[in-house]
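Below, each value reflects all heavy atoms present in this structure, side chains not excepted, and no hydrogens, waters or symmetry copies.
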Amino acid sequence: MAIESVNPATGERLRSFDEESPDTVERKLARAAAAWDGWRRTPIAARAAVLSRAAEILDGEKDSFGRLMTLEMGKLAADAAAEAHKCATACRYYAENAQAFLEPEVVAEGPGSRDEIQLQPLGAVLAVMPWNFPFWQVIRFAAPALAAGNVGLLKHASNVPQCALALEDLFRRAGAPDGVFQTLLIGSGAVEKLIGDDRIAAVTVTGSEGAGRAIAAAAGRHLKKSVLELGGSDPFVVLPSAELDRAVATAVKARTVNAGQSCIAAKRFVVAEAVYDRFAAAFTQAMKALVVGDPADPRTQIGPLATASIRDGVADQVAASVKAGARVLTGGRALERTGFYYEPTVLADVPADAPAARDEVFGPVAALFRVRDAGEAIAVANATPFGLGAAAFTRDPAEAERLARELAAGSVFINGMVASDPRFPFGGVKRSGYGRELSIYGLREFMNVKTVRIAGMA
Ligand code: NAP
């Protein structure tokens with residue numbers, strides 16, 4: 001696959017890059033190994049200072065980083081600048097908390113003896129990342145990894161090479177020593193060999209199920225630790241006691257964030273029959289009213305999809321769902337204009353085996369499901385191979401507790417939309433992957449949790 005930037009709003013090819021040669025990759029691996037030896041011994045405060053400087057740069061240049069995201073993958077300008085700012089908050093979070101997170105846990109201490117659990121970094125972590133949040137996904141792995149004394153090698157998605165290079169430059173400018181964070185401009189075909197290299201300690205992937213399977217299999221063959229952050233088909237449950245206006249407004253936002261290209265976008269709307277008709281009418285009207293257009297224009301609410309093949313994939317999934325019996329309430333077509341646009345779409349009566357019910361739809365397409373009560377809502381919400389996030393709207397406290405307990409997902413949000421936050425672990429169950437990012441749980445993924453028992457010193 002070519003490594004090139006194509007503006008999704010226009011289809012114009014902006015830049016293309018040759019894949020790096022095996023010699024270049026070899027040099028970068030050697031540099032990473034050498035860098036780790038110094039970085040793991042660097043005081044935590046000095047590593048934290050690099051992250052603090054990265055945060056300042058991200059905030060100071062959020063508009064220009066944002067413009068790069070908009071150009072390469074079509075994110076709305078305001079959202080792109082907000083993404084750069086969110087990256088700054090994650091860098092600050094780990095800069096402020098690294099010392100406490102890495103403190104040894106003393107189990108017993110006596111005269112001349114000390115038993116404790118230490119956290120020590122594993123080495124070079126290879127990160128295979130997606131284009132949809134081209135800065136955030138990378139920072140989410142890099143900030144805890146670097147704070148903890150690991151070094152990072154980024155293989156970014158092939159359609160966002162300029163973002164990938166900007167991230168490498170960011171850490172260089174923040175003062176990270178040579179080799180602590182490097183970008184590899186390589187295709188997915190080069191990943192397995194890299195995982196097999198002794199200088200790679202672990203691998204983290206955020207992407208599709210297919211990428212997850214291939215990378216986890218390679219990591220398994222080489223007995224390397226892996227973290228998988230894969231796809232989702234998050235349910236959004238609306239029960240009779242819900243504040244309906246708020247549920248509708250949140251549903252529109254939750255489905256159309258990043259033009260629908262978010263792993264935690266709500267994709268299946270599971271609505272109790274007592275409020276179904278009112279919800280469906282208001283939601284459809286709001287989806288229909290969204291302004292689709294140039295992502296750089298501040299009036300735009302839905303930009304293009306990131307590539308022509310993603311747009312075509314969404315169109316195929318909708319067509320197959322309609323063929324299986326789904327009814328189109330609004331939308332249902334790719335827009336006939338320059339750029340990779342797809343209409344905001346609402347589908348009702350979606351059969352359980354149609355793609356819009358069964359698979360992940362990575363675009364502004366909502367599937368509605370009518371259920372009798374909370375029990376059936378939970379069953380329909382959980383009838384998916386994925387388990388990333390889940391949102392539910394209710395004002396009944398007992399129902400809220402039940403939903404939080406029963407929804408099979410890595411995150412459950414009651415009366416709000418699922419979102420990531422550096423303070424909370426992020427990840428999934430079932431085919432959404434394993435392992436966690438963010439919070440102390442994310443930092444611990446790539447650590448040697450070492451038992452150290454010292455006696456006889458008295
Ligand atoms: P993708 O096609 O799987 O690509 C993700 C990354 O994996 C890219 O760097 C890609 O490289 C690489 N890749 C793909 N197949 C590979 C293989 N067989 N071996 C090694 N590397 C491989 O996914 P995407 O279209 O970029 O991103 C969308 C997906 O990411 C969605 O499913 C979404 O739900 C998921 N996602 C999950 C999370 C989460 O936290 N759970 C967050 C965001 C997105 P190339 O670009 O060179 O092909």
Side-chain angles (χ1 to χ4, degrees), residues 132 208-210 230-238 248 251-273 276-277 279-290 292 302 304-336 340-372 376-391 409 418 430-432:
N132 61 340
S208 60
E209 238 184 288
L230 309 180
S233 184
D234 284 10
F236 186 105
V237 173
V238 184
V248 169
V252 172
K253 219 169 144 209
R255 177 57 284 204
T256 58
V257 56
N258 209 28
Q261 305 163 113
S262 167
C263 52
I264 46 167
K267 289 162 190 148
R268 297 173 303 122
F269 296 81
V270 181
V271 186
E273 60 189 0
Y276 181 92
D277 290 340
F279 178 89
F283 178 63
T284 303
Q285 195 183 20
M287 287 286 280
K288 202 173 177 169
L290 291 170
V292 182
I302 306 252
L305 299 182
T307 65
S309 73
I310 290 162
R311 178 202 55 199
D312 296 345
V314 169
D316 289 348
Q317 286 176 307
V318 171
S321 299
V322 170
K323 197 163 172 218
R327 206 155 45 82
V328 178
L329 300 186
T330 187
R333 284 178 314 121
L335 290 178
E336 283 174 24
F340 314 136
Y341 292 92
Y342 195 87
E343 282 182 311
T345 296
V346 181
L347 302 175
D349 305 331
V350 182
D353 59 351
R358 191 191 58 206
D359 303 330
E360 178 180 42
V361 181
F362 228 50
V365 177
L368 300 187
F369 301 86
R370 186 194 295 261
V371 292
R372 281 186 309 278
E376 193 184 3
I378 291 166
V380 171
N382 288 342
T384 169
F386 300 106
L388 202 49
V418 180
K430 302 198 277 182
R431 271 155 52 189
S432 292

What heavy-atom pair brings [X] and [Y] nearest, and what distance separates the two atoms?
| X | Y | result |
| --- | --- | --- |
| Ala259 | Leu305 | O-CD2, 3.4 Å |
| Ser321 | Ala356 | OG-N, 3.0 Å |
| Gly387 | Ser432 | N-OG, 2.8 Å |
| Ala391 | Val418 | N-CG2, 4.1 Å |
| Met287 | Thr345 | CE-O, 3.8 Å |
| Glu343 | Gly332 | OE1-N, 3.6 Å |

Give, for atom [atom1] of [X] and atom [atom2] of [Y], the distance between the pair rounded to the nearest 0.5 Å.
| X | Y | atom1 | atom2 | answer |
| --- | --- | --- | --- | --- |
| Ser309 | Asp316 | OG | CG | 10.5 Å |
| Phe362 | Ile310 | CZ | CD1 | 7.5 Å |
| Cys263 | Leu230 | SG | CG | 9.5 Å |
| Glu376 | Ile378 | CD | CD1 | 11.0 Å |
| Arg327 | Leu329 | CZ | CG | 5.5 Å |

Checklist entry - Going through the checks in order, is the side chain to side chain contact (heavy atoms under 4.5 Å, CB included) test met by Lys430 and Phe386? => result CA-CA 6 Å; Lys430 302 198 277 182; Phe386 300 106; over 6 Å; no
Next on the checklist: Listing request: all ring-ring contact (aromatic ring centres under 6.0 Å, His included) pairs with a residue in residues 341-360, at least two apart in sequence or in separate chains.
Outcome noted: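 Every candidate ring-ring contact (aromatic ring centres under 6.0 Å, His included) pair involving residues 341-360 fails, so no pair, neighbours aside, qualifies.
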Can you confirm whether [X] sits close enough to [Y] that some side-chain heavy atom of one is under 4.5 Å from a side-chain heavy atom of the other?
| X | Y | answer |
| --- | --- | --- |
| Val371 | Val271 | no |
| Val350 | Leu368 | no |
| Val328 | Val322 | yes |

Checklist entry - Hey, is Lys267 close enough to Asp359 for a salt bridge, meaning N to O under 4.0 Å? => result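 Salt bridge flag = no for Asp359 with Lys267.
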Next on the checklist: Check this for me, if you would: do Glu273 and Arg370 make a salt bridge, where the nitrogen-to-carboxylate-oxygen distance has to be below 4.0 angstrom?
Outcome noted: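 No, no charged N to carboxylate O under 4.0 Å.
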Item to check | Pair Val270-Val238, side chain to side chain contact (heavy atoms under 4.5 Å, CB included): steps then yes or no | outcome: CA-CA 6 Å; Val270 181; Val238 184; over 6 Å; no
Do [X] side-chain atoms and [Y] backbone N/O form a donor-acceptor pair below 3.5 Å?
| X | Y | result |
| --- | --- | --- |
| Gln285 | Ala281 | no |
| Arg358 | Thr384 | no |
| Gln317 | Glu360 | yes |

Next on the checklist: Let's go through Phe369 and Phe269 carefully: what are the C-alpha distance in whole Å and the side-chain angles of both, what is the deciding distance for ring-ring contact (aromatic ring centres under 6.0 Å, His included) to 0.1 Å, and is it a yes or a no?
Outcome noted: CA-CA 6 Å; Phe369 301 86; Phe269 296 81; 9.1 Å; no
Item to check | Intermediate values then yes/no, side chain to side chain contact (heavy atoms under 4.5 Å, CB included), Phe283 and Val346 | outcome: CA-CA 8 Å; Phe283 178 63; Val346 181; 3.9 Å; yes
Checklist entry - After noting the C-alpha distance and the side-chain angles of Arg255 and Asp234, does the key distance pass the salt bridge (charged side-chain N to carboxylate O under 4.0 Å, His left out) rule? => result CA-CA 10 Å; Arg255 177 57 284 204; Asp234 284 10; over 6 Å; no
